[in-house]
Colleague: 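Let me begin by handing over the structure; questions about it come next.
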Amino acid sequence: MPLSTQSQSESDEYILVASLDNARNLSNILKAISFKDHAIFNATQNGLKVTVEDSKCLQANAFIQADIFQEFTIRQDVIGFQVNLTVLLDCLTIFGGSTVPGVSTALRMCYIGYGYPLTLFLEEAGVVTVCKINTQEPEEPLDFDFCSTNVTNKVILQSDSLKEAFSELDMTSEVLQLTMSPSHPYFRLSTFGNSGNAHYDYPKDSDMMELFQCTKTQKNRYKMSLLKPSTKALGLSCKVSVRTDSRGFLSLQYLVRNDDGQICFVEYYCCPDEEVDEE
């Protein structure tokens with residue numbers, strides 16, 4: 001493959017090199033969090049964590065483990081930079097993101113360090129394109145302080161059932177109300193839109209419910225405008241973990257399988273809406 005023919009001296013300059021035989025395995029997972037232009041990249045020995053935020057109320061993280069890459073070389077403990085995610089996705093799909101069986105775009109992503117661009121070498125059918133994307137010093141991402149010890153309620157659902165719920169609820173509603181309870185209604189999604197109030201209930205023994213752990217009744221509302229970006233991840237995923245903590249903060253963790261059957265995770269954190277009026 002032409003991408004592997006770079007000289008050793010060139011490769012030695014880079015503090016980060018990540019290669020994929022199929023660039024779609026990266027572009028698909030990044031599309032799941034592409035609701036703002038800029039993304040913070042953090043690389044460690046474990047792989048890449050890509051973070052996108054909105055209005056200090058919403059944070060999305062994509063986790064791409066090191067073993068998903070055919071090559072993953074990192075010469076520092078932690079490497080961080082910020083890039084324009086829209087431009088990056090345009091580059092990753094520069095060959096049109098072919099879905100033809102047996103045809104894929106190979107990717108070699110390289111970074112020399114602070115002040116240098118992120119360099120992409122993309123190859124398809126013997127044609128190599130080089131893209132250089134300016135990097136910036138990363139902003140400090142928000143700490144939602146969402147730790148497992150404070151989780152009060154957790155369910156794991158088949159993604160198809162959540163897609164079905166969203167298709168039946170009234171998405172003109174400004175908020176989505178989430179009720180989680182050890183007793184009836186167990187797990188309920190509610191909207192309050194132009195067509196009136198709508199509810200979608202899941203029994204705790206539903207075939208679509210893989211795990212049900214609710215310790216107390218919680219009823220929280222979340223701005224629909226903040227939750228809508230997460231439907232991109234929902235569309236790619238096969239399972240979703242829904243967790244709330246003692247403050248009512250929401251974590252949505254999506255399990256996504258890539259084209260090669262490998263597993264990545266996308267997680268959304270969302271603050272509860274302050275304007276909560278009991279119906």
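Numbers for residues simply follow the sequence, beginning at 1. FYI, side chains are in, hydrogens and waters are out, and symmetry mates aren't considered; it's all heavy atoms of this structure.
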Colleague: Measuring from L227:CG to C270:SG, what's the distance to the nearest 0.5 Å?
Modeller: 5.0 Å

Colleague: For residues K228 and F35, determine if any side-chain heavy atom of one lies less than 4.5 Å from a side-chain heavy atom of the other.
Modeller: no

Colleague: Does S246 form a side-chain hydrogen bond (donor to acceptor under 3.5 Å, both in side chains) with N150? I'd like the steps, not just the answer.
Modeller: CA-CA 6 Å; S246 53; N150 290 335; 4.8 Å; no

Colleague: Quick check against the 3.5 Å criterion: does T215 have a side-chain atom that pairs as donor or acceptor with the backbone of T152?
Modeller: yes

Colleague: State whether the side chain of N42 and the backbone N or O of V78 hold a donor-acceptor pair below 3.5 Å, judged by distance alone.
Modeller: no

Colleague: Should Y111 and I15 count as side-chain neighbours, where that means a heavy-atom distance under 4.5 Å?
Modeller: yes

Colleague: Dump the intermediate steps for side chain to side chain contact (heavy atoms under 4.5 Å, CB included) on F72 and L16, then the final yes or no.
Modeller: CA-CA 8 Å; F72 192 82; L16 176 66; 4.1 Å; yes

Colleague: Could you check whether atom CG of D145 has more than 12 heavy atoms from other residues, nucleotides or ligands sitting under 6.0 Å from it?
Modeller: yes

Colleague: Looking at every heavy atom in both V151 and R243, which two are closest together, and how far apart are they?
Modeller: CG2-NH1, 4.0 Å

Colleague: Are T105 and E123 packed together at the side-chain level, in the sense that at least one heavy-atom pair is separated by less than 4.5 angstrom?
Modeller: no

Colleague: Go through the steps to decide whether K36 and E53 satisfy the test side chain to side chain contact (heavy atoms under 4.5 Å, CB included), and finish with yes or no.
Modeller: CA-CA 7 Å; K36 286 289 179 180; E53 296 182 332; over 6 Å; no

Colleague: Please determine if R108 forms a cation-pi arrangement with Y14, meaning its NZ or CZ atom is less than 6.0 Å from the six-membered ring centre and no more than 45° off the ring axis.
Modeller: no

Colleague: List the atom of C264, the atom of I29, and the distance in Å for their closest heavy-atom pair.
Modeller: CB-CD1, 3.5 Å

Colleague: Hey, what do you get for CG (L85) to CD1 (I40), rounding to the nearest 0.5 Å?
Modeller: 11.5 Å

Colleague: Do you know which two heavy atoms are closest between A32 and V266, and how far apart they sit?
Modeller: CB-CG2, 4.2 Å

Colleague: Any sub-3.5 Å donor-acceptor pair from Q70's side-chain atoms to D21's backbone N or O?
Modeller: yes

Colleague: Check the surroundings of atom CD in E174: do more than 12 heavy atoms from other residues, nucleotides or ligands lie under 6.0 Å from it?
Modeller: no

Colleague: What about M109 and I133, same hydrophobic cluster or not, with Ile/Leu/Val/Met/Phe/Trp/Tyr joined at side-chain heavy-atom distances under 4.5 Å?
Modeller: yes

Colleague: If you count heavy atoms of other groups shown closer than 6.0 angstrom to CZ of F63, is the number above 12?
Modeller: yes

Colleague: Keeping S19 on the side-chain end and E71 on the backbone end, is there a donor-acceptor pair under 3.5 Å?
Modeller: no

Colleague: Calculate, to the nearest 0.5 Å, the distance between atoms CG and OG belonging to D160 and S237 respectively.
Modeller: 8.5 Å

Colleague: Has the side chain of K232 got a donor or acceptor atom that lies under 3.5 Å from a matching backbone atom of S34?
Modeller: yes

Colleague: So which of Y268, Y269, F249 actually passes ring pair (Phe, Tyr, Trp, His ring centres under 6.0 Å) with F146?
Modeller: Y269

Colleague: Where do H184 and D201 come nearest, in terms of heavy atoms and distance?
Modeller: CE1-OD2, 4.4 Å

Colleague: Within the 4.5 Å heavy-atom criterion, are I64 and L26 side-chain neighbours or not?
Modeller: yes

Colleague: Are the side chains of Y116 and K132 in touch, meaning some heavy atoms are under 4.5 Å apart?
Modeller: no

Colleague: Under the side chain to side chain contact (heavy atoms under 4.5 Å, CB included) criterion, do I79 and F41 qualify, and how do the steps go?
Modeller: CA-CA 8 Å; I79 296 170; F41 276 66; over 6 Å; no

Colleague: Roughly how far apart are N46 CG and D67 CG, rounded to 0.5 Å?
Modeller: 10.0 Å

Colleague: Main chain of Q262, side chain of D260: is a donor-acceptor contact present, judged purely on distance under 3.5 Å?
Modeller: no

Colleague: Is the side chain of Y186 donor-acceptor paired with the backbone N or O of F212 at a distance under 3.5 Å, no angle test?
Modeller: no

Colleague: Around atom NZ of K239, are there more than 12 heavy atoms from other residues, nucleotides or ligands closer than 6.0 Å?
Modeller: no

Colleague: Quick one: does Y254's side chain get under 4.5 Å of L236's, heavy atoms only?
Modeller: no

Colleague: Distance-only, no hydrogens or angles: does the S27 side chain make a donor-acceptor pair with backbone N or O of L92 under 3.5 Å?
Modeller: no

Colleague: Could you give me the CA-CA distance, side-chain angles and deciding distance for K49 and E267, then say whether salt bridge (Lys or Arg N to Asp or Glu O under 4.0 Å) is met?
Modeller: CA-CA 11 Å; K49 176 185 176 184; E267 186 162 45; over 6 Å; no

Colleague: Please report the interatomic distance CG(L226) to SG(C271), rounded to the nearest 0.5 Å.
Modeller: 8.0 Å

Colleague: Are L189 and L178 close enough that some pair of their side-chain heavy atoms sits under 4.5 Å apart?
Modeller: yes

Colleague: Is it the case that the side chain of Q218 and the backbone of D245 share a donor-acceptor pair, with hydrogens and angles ignored and the cut-off at 3.5 Å?
Modeller: yes

Colleague: After noting the C-alpha distance and the side-chain angles of T179 and R188, does the key distance pass the side-chain hydrogen bond (donor to acceptor under 3.5 Å, both in side chains) rule?
Modeller: CA-CA 5 Å; T179 305; R188 168 178 283 181; 5.9 Å; no

Colleague: I'd like to know whether CZ of R247 has more than 12 heavy-atom contacts from other residues, nucleotides or ligands below 6.0 angstrom.
Modeller: yes

Colleague: Same cluster or not: Y200 versus M208, using hydrophobic residues (I, L, V, M, F, W, Y) connected whenever any side-chain heavy atoms lie under 4.5 Å apart?
Modeller: no

Colleague: For the hydrophobic clusters of this structure (ILVMFWY residues joined by side-chain heavy atoms under 4.5 Å, transitively), does one cluster hold both L255 and L157?
Modeller: no

Colleague: Rounded to the nearest 0.5 Å, what separation is found between the CG atom of L118 and the CZ atom of F81?
Modeller: 4.5 Å

Colleague: Are L89 and L122 connected in the hydrophobic side-chain network, where two residues link if heavy atoms are under 4.5 Å apart?
Modeller: yes

Colleague: How far apart are the C-alpha atoms of T51 and Q59, what are their side-chain angles, what is the distance that settles it, and do they pass the side-chain hydrogen bond (donor to acceptor under 3.5 Å, both in side chains) test?
Modeller: CA-CA 7 Å; T51 302; Q59 182 184 91; 5.5 Å; no

Colleague: I'd like to know if the side chain of N153 reaches the main chain of T217, judged simply by a donor and an acceptor atom lying under 3.5 Å from each other, with no hydrogens or angles considered.
Modeller: no

